[in-house]
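Report on the structure given below.
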There are 2 protein chains.
Amino acid sequence: MKKVKRTTIYDIAEKLGITASSVSRALNNSSQVNEKTKELIIKTADELNYKRNTLASNLRKGQSKTIGVVIPRINQNFFSNVIAGIEEITYQKGYNLIICQSDEDHDKEVQCVNTLINQHVDCIVISVSADGNDYQHLQNVLDHGIQLIQFDRVAEELETLKVINDNVQASYEAVSHLIEGGYKRIALLEGPQNLSIFKQRKEGYLKAFKAYNVPVIEELIVENAWTKELGALGTRKLLSLPQPPDAIFASTSDFSALGVLDVANAMGIKVPSELGICGYANESFSEITSPSITTIDQFSIYMGNTVANLFFQEIGNNDTTTKPKIISIKPELIIRGSTKRNG
Amino acid sequence: MKKVKRTTIYDIAEKLGITASSVSRALNNSSQVNEKTKELIIKTADELNYKRNTLASNLRKGQSKTIGVVIPRINQNFFSNVIAGIEEITYQKGYNLIICQSDEDHDKEVQCVNTLINQHVDCIVISVSADGNDYQHLQNVLDHGIQLIQFDRVAEELETLKVINDNVQASYEAVSHLIEGGYKRIALLEGPQNLSIFKQRKEGYLKAFKAYNVPVIEELIVENAWTKELGALGTRKLLSLPQPPDAIFASTSDFSALGVLDVANAMGIKVPSELGICGYANESFSEITSPSITTIDQFSIYMGNTVANLFFQEIGNNDTTTKPKIISIKPELIIRGSTKRNG
DNA sequence: CTGAAAGCGCTTACAG
DNA sequence: CTGAAAGCGCTTACAG
């Protein structure tokens, strides 16, 4: 590409025989500049194809009007929906989004966060990766006076703004639904327990058993079954038990639930009559499978909106004495074919 | 949030009784600085929790190490995959990604592009929105000496770097496959013809008819059927014809194909025996439907990789005499249940 | 209403 | 190997 000399406010000033100060003021629509010259300046800027250098402007103003987002994966429905939800709001306010993916890798996450600190972003929005539970890098964000908002997968011990789902309640409702549907041996596919969201989902599972006075069967709880493949693997193990489950709550994701469904289909086990299945996240495909999968909607876009609104609400709030806000969004159980026994 | 005074190179210099010049050199790992002082500087920087201000650095260097991406929707599989593919490469090179969504709205697209120009991004990567065919804003990008890479949905008349799919060939293969499968009346659900990709897909459709010497039936071509809803609507119209089609090529997307499948199921029409269905894009759900949907894989992640690599390859290439590169990725027909008549 | 000047935090050509 | 100085393009407190 050929290097193009960009028009600066000095070029405009020179052409008009005035100072850059006035040009700057006019371009910022300051009231303390003559209406006529303002018009002239704007017209000239347009003619010279002037574009403000945001870098310089932000450097001078000590802000960046940029929000950094760190998520495990961009190309996963839940996260891309949250981003879309964030963008919806930030765009209107003239803020930019810098996106980094951690790839579920703690080291890369640390690097992403550091890059964003260097960029002097005004806020970092993060959903932490599944590996590692060292949150020094997030503490570092706070130490630099950068706003930090965690969502979904949060480091609980860090006192920051948080936007989360009520995972306990959602899981409780899902399992209650299965119990009320007459399922007797309800298995749990759980996710990495270092992530609080997965701990909470297990908690909800156990809570439902307690509420209905049903004993928990330890052998029906499968660790670390949070991908389609691991979900399928866990299901095979479960179904080969002397007393196999008659329902499986794939608490980690619909992907995991899909693994369950695949195995059931392959083994000729009828869903929902012989095996009930409940997933999590309301991925778009969960509606399309046959039978469609009962799942939990997390209102991901709304969650993104909430994150962004929280940021703007907290801007300029210098009161550090109040405890950081935690906003909990109630997810919704979506009952579909995979658990409708008497449909 | 409390305002925190950040450590600058001057703070480090002062503490060490040297100049900022040396600090800067040390931090940039320049060879022309004493090894021992370099170590000391780095250690001190670390102690003071120094983070380079990338804004200032970039302003001085006249670059931003940032790439702007404008897509219609973040939360659409194809686009989020492309972004993931871009990020994979740019991340390694220390580049940041600023993401904007145009929401298929031309005005918002223009605004996004302008914001990115203001940000002094080094490159703008774009897949244009479906409405409007005025590309002045893209010309503007070039006029500012910013690299412009178009992908998938491109404005053909603009001479820029492009990464595209061979849509004609892919559609040709898809329709050929249907013809060879014995389907006689193959309908086309087409997308907005102001987007070249949809024109090309239609071209491939027509090309196949020609190659097999099959007459085109105009009434089987349905305009503007590029969402699930519009696909369903078009299908209802088609199936109520005196002579309905026995196959439908939803050239716009798998979403559209899904609409076809829904209608077929609702009307009790058997797929693939009574109606063949072929989609486009290999969305993750297309594998899961019953029957699974024959579709075309665009290698979206690879496409993202290609875009990023193209950028780095062209960096510093000052030769403006050569024509801008166009990289065409050959998509792959994925044959599944919805077209396997004798499976 | 307008100008002159300083400064945001860095980098780098120029001297020594 | 190190320093002094200029400058990237803006904004804004201070004068007038």
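Sequence lines set the chain letters: A, B, ... in the order given, protein chains first and strands last, and positions in each chain run from 1. A quick note: this is a predicted structure, and the numbers were derived from the prediction, not measured.
- Rounded to the nearest Å, the gap between the C1' atom of dT12(C) and that of dG16(C) is 16 Å.
- The side chain of Asn53(A) approaches dG9(D) more closely than any other nucleotide in the set dG9(D), dA4(D), dT12(D).
- Contacts of Glu157(A) classified as salt bridge (charged side-chain N to carboxylate O under 4.0 Å, His left out), with partners at least two apart in sequence or in another chain: none.
- Look at Glu35(B) and Lys38(B) and you find a salt bridge, because one of the NZ, NE, NH1 or NH2 atoms lies within 4.0 Å of a carboxylate O, short of that distance.
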Could you summarise the pairing of DNA chain C as dot-bracket text, marking Watson-Crick and G-U pairs under 3.5 Å with ( ) or [ ] inside the strand and | across strands?
|||.||||||||.|||
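- Regarding contacts with the backbone of dG3(C), a side-chain N or O of Thr19(A) is found under 4.0 angstrom from either OP1 or OP2.
- Along DNA chain D, the nucleotide closest to Glu35(B) and the one closest to Leu59(B) are compared, and the more 5′ of them pairs with Glu35(B).
- Each of Arg25(B) and Ala56(B) has a nearest nucleotide on DNA chain D; the 5'-most of these lies closest to Arg25(B).
- Ion pairing of Lys108(A) with Glu87(B) is present here, as a side-chain N (NZ or NE/NH1/NH2) and a carboxylate O approach within less than 4.0 Å.
- Candidate nucleotides dT12(D), dC10(D), dC1(D) were compared by shortest atom distance to the side chain of Gln32(B), and dC1(D) ranks first.
- A close approach under 4.0 Å does not occur between any side-chain nitrogen or oxygen of Tyr10(A) and OP1 or OP2 of dG7(D).
- For dT2(D), the OP1/OP2 oxygens have a side-chain nitrogen or oxygen of Thr37(B) closer than 4.0 Å.
- Asp143(A) and Gln139(A) form a side-chain donor-acceptor contact under 3.5 Å, judged by distance and modelled atom types alone.
- For Ser22(A) and dG3(C), the shortest distance from a side-chain N or O to OP1 or OP2 is below 4.0 Å.
- Remark: of the listed residues Arg6(A), Lys5(A), Lys51(A), Lys5(A) is the sole one forming a salt bridge (Lys or Arg N to Asp or Glu O under 4.0 Å) with Asp11(A).
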